[in-house]
Each structure stands twice: as structure tokens, then as C-alpha cells.
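What you are looking at is a predicted structure, and each value in this text was computed from that prediction instead of being measured. FYI, side chains are in, hydrogens and waters are out, and symmetry mates aren't considered; it's all heavy atoms of this structure.
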Amino acid sequence: HAKAMAGYVKKAIEHKGFALVEGMSVCPTYYGRKNAKGAAPDMFRDLKDTYIDVKAAEKLPEEKLAGKMLMGEFVNKIEPEYTEVYQALIDRVRL
């Protein structure tokens, strides 16, 4: 889901204030080999098939979500930025 990840990162950069983006990937050289998970392409395919967009998941029945992990935008709050709140406190105390 590299294309979707690029969109999530772009949106996080454009978001004013704190933003968190988490990306998941496989480690075929150590984890895959030690746990008999197959070759790198198989592991990437399995990861891609395991994740489903949170918006698409809302429309699916429970049985189709079994064993799936959710990806997408979970929370988007507009809050005052820390530096703005801190500056307002400084300005208030200076008076």
C-alpha cells in the first residue's frame, strides 16, 4: 500500500499540529527466514491482503473482517498547536 502511505504522509505534513503516521513492513531476511514465512514477495502479498482500509471495513460484515487489520485515517482532530497555546500563556503572564 505504498501509494496510500504516500497520501497519509502528505496529509500528516499538511496537518497543522501533531500528526502520527505508522507504517508496517515485513522483514524477509530475518523474521521471514526464522519463522518459515516464505519468500519476500509472499510476505509482502500476505501483508497487503491482511490490511483493509478503515472506511471499506465499515461497509463489510463481521465475517469478512476476520483476521484483517485496519489501515487508514483513524482520528483527525483540529486542536490548538502547542506553540500557540504556550505563546498565549506567555502573553497572558507578561501583562
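Residues satisfying the side-chain contact (heavy atoms from CB on, under 4.5 Å) test with D53, not counting sequence neighbours, are Y8, K55, A56. Under the rule for a side-chain contact (heavy atoms from CB on, under 4.5 Å), the partners of K16 that lie at least two apart in sequence or sit in another chain are E81, E84. Taking D42 as the reference, R45 meet the side chain to side chain donor-acceptor pair (under 3.5 Å) condition, with sequence neighbours excluded. Here I78 pairs with H15, N76 under the side-chain contact (heavy atoms from CB on, under 4.5 Å) rule; sequence neighbours left out. Qualifying side chain to side chain donor-acceptor pair (under 3.5 Å) partners for N35, counting only residues two or more places apart in sequence or in other chains: none.
Its side chain outside the 4.5 Å cluster rule for every partner, Y30 clusters with none of the Ile, Leu, Val, Met, Phe, Trp and Tyr residues. Residues near V85 contribute nothing to a hydrophobic cluster around it, because no ILVMFWY side-chain heavy atom sits closer than 4.5 Å to its side chain.
A single hydrophobic cluster is seen to contain both M5 and M69, as judged by linkage of ILVMFWY side chains at heavy-atom distances under 4.5 Å, directly or through other members. Cluster membership for L65 and L47, using ILVMFWY side-chain heavy atoms within less than 4.5 angstrom, is not shared. M24 and V9 end up in the same hydrophobic cluster when Ile, Leu, Val, Met, Phe, Trp and Tyr side chains are linked at under 4.5 Å. Cluster annotation: V75 is connected to L70 through the hydrophobic network of ILVMFWY side chains, with a link wherever side-chain heavy atoms come within less than 4.5 Å.
Under the ring-ring contact (aromatic ring centres under 6.0 Å, His included) criterion, no residue pair touches residues 41-79, with sequence neighbours excluded. The side-chain hydrogen bond (donor to acceptor under 3.5 Å, both in side chains) pairs that include a residue from residues 59-69 number zero, where partners must be two or more places apart or lie in different chains. Applying the ring-ring contact (aromatic ring centres under 6.0 Å, His included) definition to pairs two or more places apart or across chains, those involving residues 76-95 are Y82-Y86. Applying the salt bridge (charged side-chain N to carboxylate O under 4.0 Å, His left out) test to residues at least two apart or on different chains, none of the pairs has a partner in residues 18-39.
In this structure, CE in M43 is found 8.5 Å from OG1 in T29, a value given to the nearest 0.5 Å.
Minimum interatomic distance between V21 and A12 (heavy atoms only, all atoms of both residues): CG2-CB, 3.4 Å.
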* To do: Start with the C-alpha distance between V26 and D46, add both sets of side-chain angles, then the distance that settles side-chain contact (heavy atoms from CB on, under 4.5 Å), and finish with yes or no.
  => CA-CA 10 Å; V26 295; D46 184 50; over 6 Å; no

